[in-house]
Amino acid sequence: MDTVCAGWSVSDERRATSDAEPCSLYVHVPVCRSKCRYCGFYSVPADGVDAGRLVDGLLRELDRHDGVEFSTAYIGGGSPTALPAGELVRLAGAVGQRAPRVAEFTVECNPGQVDAGLLTALRAVGVNRISFGAQSFLERELGLLGRKHSVAQIAAAVAMARRAGFENVGLDLIFAIPGSTLADWRTSLEAAIELGAEHVSAYGLSFEAGTPFEAERRAGRLAPVDEELDRAMYEWTIDRLARAGLEQYEISNFAKPGFECRHNLGYWANRPYVGVGPAAASYRTEGAAPGGRRIENDANVERYLDAVEYGRAAPSQAHMVNGDDAVCETAVLNLRRRAGIDLAEFRRRTGHDAMRTFAGPIGRYGGLGLIEVTDRAVRLTRRALPIADTILCDFAALE
Amino acid sequence: MNIRNIRNFSIVAHIDHGKSTLADRMLELTGTITERQAKDQILDSMDIERERGITIKASAVTMEYTHEGQTYMLNLIDTPGHVDFGYEVSRALAACEGALLVVDATQGIQAQTLANAYLATEAGAEILSVINKVDLAAAQPELVAEEIEHVLGIRRNECFHISAKSGLGVQELLDAVCMLLPPPTDRRDEPPRALIFDSQYDDYRGVICYVRVFSGTLKTRQRIRLMGTGFAYQITELGKFKPDMRPVDQLGCGEVGYVIANIRDLANVRIGDTITDDARPAPDALKGYKPPMQMVFSDFYPGNNTEYPRLRAAFDKLALNDASFTFVPQNSQALGFGFRCGFLGLLHMEIIQERLERENDIDVVQTAPTVSYEILLRDGTVKRIDAPSELPDRSNIEEIREPFVKLEIITMNDTIGGIMKLAEARRCKLIKTDYLSPTRVMMEYKAPLAEIVYDFYDLIKGISHGYATMDYEFTGFEAGDLVKIDILVNGTPVEALSLIVHRSNAEPRGRKLITKLRKSIPRHQFEIPLQVAIGGKIIARETIKAYRKDVTAKLYGGDVTRKMKVLKKQKEGKKRMKSIGSVQIPQEAFMSVLDNSD
């Protein structure tokens with residue numbers, strides 16, 4: 001579920017004229033061939049699940065959203081490529097049929113689990129974007145992370161994707177891996193640039209609850225990198241990718257012009273999305289009113305399949321997001337974008353004047369040079385990015 | 001009751017020497033309470049008192065006792081036993097003709113024993129000395145009697161040996177109270193005068209005044225006047241404490257009881273005031289009490305600003321039955337609206353704080369306590385200040401005077417060295433040492449109150465393994481080489497963090513303070529310099545490093561709910577802090593001014 005679902009860019013929003021908001025579709029494939037040691041997302045061993053039954057189940061759940069028109073589609077995981085190629089292609093094909101006019105259709109791929117045939121078939125059923133979980137270009141780091149592919153396989157996978165006709169390829173990378181130096185990170189980032197990816201997601205490693213990494217950190221066997229180094233890596237990422245033509249458009253995301261991930265932009269615009277699959281999340285809104293319902297499917301493949309196979313809804317937890325909370329969520333999510341809060345868009349979507357509703361934090365952080373205001377937008381300054389959470393928290397609740 | 005058969009007395013003792021147990025035993029022996037009713041330490045009605053094993057508020061009880069065929073009315077007026085409450089002890093003693101001075105046979109004379117004995121003598125009360133716990137294996141009643149004779153001049157063969165716990169000797173003590181303590185002076189024909197020695201507020205009945213009638217008689221439905229404040233009321237109920245409130249028709253000369261007169265305004269009743277007849281008033285009031293000297297001040301702010309009115313009401317109530325506590329509104333740039341409160345000492349302050357939180361359920365933020373200073377200005381006027389922030393401009397100051405106390409410490413001779421070292425570091429001057437016995441020493445110091453007010457008692461307890469006791473008495477203000485330390489946070493002076501210290505201590509104190517602040521103020525988005533300044537000159541600096549990296553790497557559809565929760569919590573944390581400019585300072589930082597430890 002690395003680069004999860006998608007959305008629209010700010011300019012797309014202007015084209016949305018009907019009451020029904022553009023809605024994106026995320027399909028979660030909750031299986032992996034092995035579990036990476038830093039990953040806190042829900043997945044189960046691929047060999048323990050009947051892949052055909054799983055794909056059938058996902059499609060059954062998708063059927064329940066018949067009336068929804070999707071603007072983007074994204075198949076993520078887990079590892080979609082941990083499915084037998086035929087099943088993945090069957091899944092992608094059905095999603096493509098269900099969402100025929102999407103501008104962007106992404107499948108997340110493990111570089112060690114693809115071949116020319118699979119990639120060609122995915123392209124043929126309408127997939128137009130591949131996101132590779134590369135993570136690092138150092139074998140030592142891949143080993144520490146628990147990745148099962150090699151450095152060489154990353155380059156090979158990108159080349160295969162190109163030959164299969166993909167003109168939009170993204171690479172996910174992780175920095176601030178324990179033991180990593182600035183030089184190590186540069187090696188990985190340069191390699192990603194060298195491969196000509198249209199999109200790079202660069203994530204500072206975080207220690208997630210319940211992961212082997214977190215357990216080892218607590219036991220003192222794994223030390224997070226120094227805060228200064230973490231920051232230096234991040235700063236360098238922003239500068240270096242910009243020089244390579246990949247502009248930062250969100251805290252952890254960089255793209256060549258026009259290749260920003262539309263699906264993910266939907267999340268940061270706080271637009272609705274449908275998530276299908278165990279542990280997938282949905283956000284459903286009604287009409288133009290701010291607020292809505294956030295639904296999270298239970299993280300349990302067996303119970304999920306038992307339910308959907310009988311035509312029932314996936315077991316899930318839901319909670320209402322009231323108007324005020326929706327205003328705050330929209331602000332926090334918007335501010336992750338380099339474009340920040342588009343004041344007109346914000347007013348249209350929430351009914352609030354962001355400048356007035358968040359006058360306190362905007363004033364405070366404006367004075368500190370951490371927020372900048374133009375006549376159209378409010379955004380974090382470059383200096384604010386590495387410490388964004390210390391600022392965003394002041395937008396998380398109304399004062 | 002014949003006035004010659006009335007005895008009004010107090011029990012004075014060091015904490016834990018058995019005052020409350022003795023009171024309980026007397027209540028039982030006189031049949032005032034049955035054993036079944038006997039709740040341990042019945043006089044200590046407040047939770048805090050029972051928990052801390054000390055009596056804070058004077059309380060009274062009337063007992064009847066038959067001695068040699070005659071019935072006596074014994075009025076026991078309870079007193080607080082702690083160093084801070086000398087004022088309340090003397091208040092209680094003013095209503096008595098006699099005092100029982102209780103000393104623990106295993107502990108001997110303690111600093112408070114001495115202080116209490118002085119107070120009783122000052123009040124003109126007849127003293128009976130009582131050695132308690134004589135049945136314990138560790139008891140050394142003969143040695144203690146010797147100490148009493150040596151220090152207080154009460155002959156050793158005049159000491160009563162008792163065990164309040166078992167009741168041994170208590171009957172004899174009651175007989176002695178009847179035989180040896182004097183009765184009240186007979187002034188029943190004069191206009192009524194009753195001393196208000198305590199009060200309580202009852203939500204239904206208004207103020208309940210605890211009184212001792214010195215002349216004349218009080219009757220129900222009588223119109224009375226409070227001589228100090230001038231307010232007049234009609235008595236709706238008179239009564240005695242037995243120990244629960246029992247209404248009576250009248251309180252005669254020499255008697256002790258309560259007066260209820262539908263007094264709704266707490267401010268109208270002053271402890272120490274005299275009640276007289278409204279139509280036929282006494283020509284002058286009873287001596288009353290000199291106002292208590294508050295020596296320790298601290299600002300209290302409601303944890304939540306909307307609680308200000310509730311805090312005010314709570315203080316009103318506390319002040320009613322604690323005349324030694326004062327409060328005035330205060331407005332701080334850092335902490336908003338609150339009150340500057342004056343206390344007799346540190347324990348007194350802690351007790352008020354606890355009662356506030358316990359009885360009124362109000363969270364308070366408190367600034368570091370400070371003592372009061374006298375400032376001699378260039379123009380010759382003298383100004384009293386009770387917060388460093390009130391210090392006038394340096395150019396107008398001729399001298400700063402700080403309060404000094406006579407400090408008495410009693411300890412074992414093998415811990416003298418440690419205590420002397422501490423006292424010296426705190427600018428205390430040794431006046432004399434006196435051996436109470438071959439192993440026990442009393443040291444008398446002249447000490448600056450500011451140096452002993454916060455942690456000194458805890459420290460000498462530590463040095464002496466809990467053995468040493470101390471007491472102090474204000475002696476006067478004296479000029480000293482005192483300077484104000486200003487703390488600048490991010491370049492802005494924060495008044496609530498200022499302190500006045502002796503120049504010799506200024507730099508180390510300032511350094512310690514900013515080291516503590518560095519640990520208690522969280523990191524911000526920017527670097528925060530912390531500076532110590534004396535008279536505008538920076539003498540020390542620390543820096544709180546800025547956040548360098550704090551950002552959630554991934555925030556996609558499934559992460560929103562969880563992440564918003566985390567961010568909200570992060571914001572909540574900031575709420576409990578006070579903003580000084582763009583810096584958020586947590587409450588505990590304001591208390592670090594207090595902490596003089598390493």
Side-chain angles (χ1 to χ4, degrees), chain A residues 1-5 24 26 28 41 174 176 201-206 226-228 230-231 234 250-252 264 266-268 270 273 275 279-283 294 296 319 321 325 328-329 332-333 336 364-365 367-370 383-397 399, chain B residues 303-306 333-334 336 488-492 494 518-530 543-586:
Chain A
M1 213 157 113
D2 285 1
T3 31
V4 188
C5 286
S24 23
Y26 175 72
H28 189 67
F41 288 113
I174 296 176
S201 299
Y203 301 115
L205 180 82
S206 60
D226 172 77
E227 199 179 350
E228 285 297 338
D230 188 338
R231 179 172 175 131
Y234 183 53
E250 192 262 357
I251 281 170
S252 302
N264 288 343
Y267 295 132
W268 303 317
N270 204 17
Y273 48 91
S282 302
Y283 180 46
R294 291 200 183 275
E296 198 164 321
H319 80 268
V321 179
D325 281 346
C328 294
E329 288 181 356
V332 167
L333 290 164
R336 289 185 64 90
R364 279 200 301 282
Y365 293 120
L368 293 170
L370 295 170
R383 280 209 295 133
L385 298 175
I387 53 171
D389 283 5
T390 70
I391 297 156
L392 293 185
C393 63
D394 283 350
F395 290 82
E399 293 193 342
Chain B
N304 174 346
N305 283 338
T306 58
Q333 137 227 12
L488 286 75
V489 175
N490 205 24
T492 309
V494 181
R518 183 167 58 78
K519 290 173 190 157
S520 57
I521 298 176
R523 290 196 295 169
H524 280 55
Q525 291 94 355
F526 44 90
E527 195 175 277
I528 304 170
L530 301 173
T543 304
I544 298 171
K545 284 190 9 187
Y547 278 119
R548 298 299 288 159
K549 190 86 191 314
D550 184 3
V551 58
T552 301
K554 295 181 184 181
L555 211 172
Y556 300 105
D559 310 317
V560 178
T561 304
R562 192 171 47 95
K563 192 64 216 173
M564 288 302 289
K565 234 180 241 173
V566 172
L567 289 172
K568 270 185 193 170
K569 212 168 151 193
Q570 203 166 340
K571 185 184 171 73
E572 280 299 311
K574 289 188 183 180
K575 253 197 212 155
R576 286 192 293 275
M577 304 194 207
K578 296 285 179 185
S579 302
I580 306 276
S582 42
V583 181
Q584 309 274 317
I585 304 186

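Letters go in sequence order (proteins before strands), and every chain restarts at 1.
Note that SG of A:Cys393 and CD of B:Gln570 are 4.0 Å apart. Values are rounded to the nearest 0.5 Å. Residue A:Phe41 holds its CZ atom at 5.0 Å from NZ of B:Lys554, rounded to the nearest 0.5 Å.
Taking all atoms of both residues into account, the shortest heavy-atom contact from A:Ile391 to B:Gln525 is CG1-NE2, 3.8 Å. Across all their heavy atoms, A:Arg231 and B:Tyr547 have their closest contact at NH1-O, 3.9 Å. Listed here is the closest heavy atom pair of B:Ala553 and A:Gly204: CB-O, 3.5 Å.
Between B:Lys549 and A:Glu227 there is no salt bridge, since no side-chain N of the basic residue sits under 4.0 Å from a carboxylate O of the acidic one.
Proximity to chain B involves both the backbone and the side chain of A:Thr390, based on heavy atoms less than 4.5 angstrom apart. Interface residue A:Leu368: only side-chain heavy atoms are found under 4.5 Å from chain B.
In this structure, B:Tyr556 and A:Tyr203 have perpendicular ring planes: the angle between them is above 60°, well past the 30° mark.
Of the listed residues (A:Arg383, A:Arg364, A:Arg336, A:His319), the greatest number of heavy-atom pairs within a distance under 4.5 Å of chain B belongs to A:Arg336. Ranked by non-hydrogen atom pairs under 4.5 Å with chain B, the options A:Val321, A:Asn270, A:Leu333 are led by A:Leu333.
Checked against ring-ring contact (aromatic ring centres under 6.0 Å, His included), B:Phe526 has the following partners two or more places apart in sequence or in another chain: B:His524.
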Which donor-acceptor pairs under 3.5 Å do side chains of residues 560-569 of chain B form with protein atoms, sequence neighbours excluded?
{"from": "B:Lys563", "atom 1": "NZ", "to": "A:Asp389", "atom 2": "OD2", "distance (Å)": "3.4"}
{"from": "B:Lys563", "atom 1": "NZ", "to": "B:Thr552", "atom 2": "OG1", "distance (Å)": "2.7"}
{"from": "B:Lys568", "atom 1": "NZ", "to": "A:Asp325", "atom 2": "OD1", "distance (Å)": "3.2"}

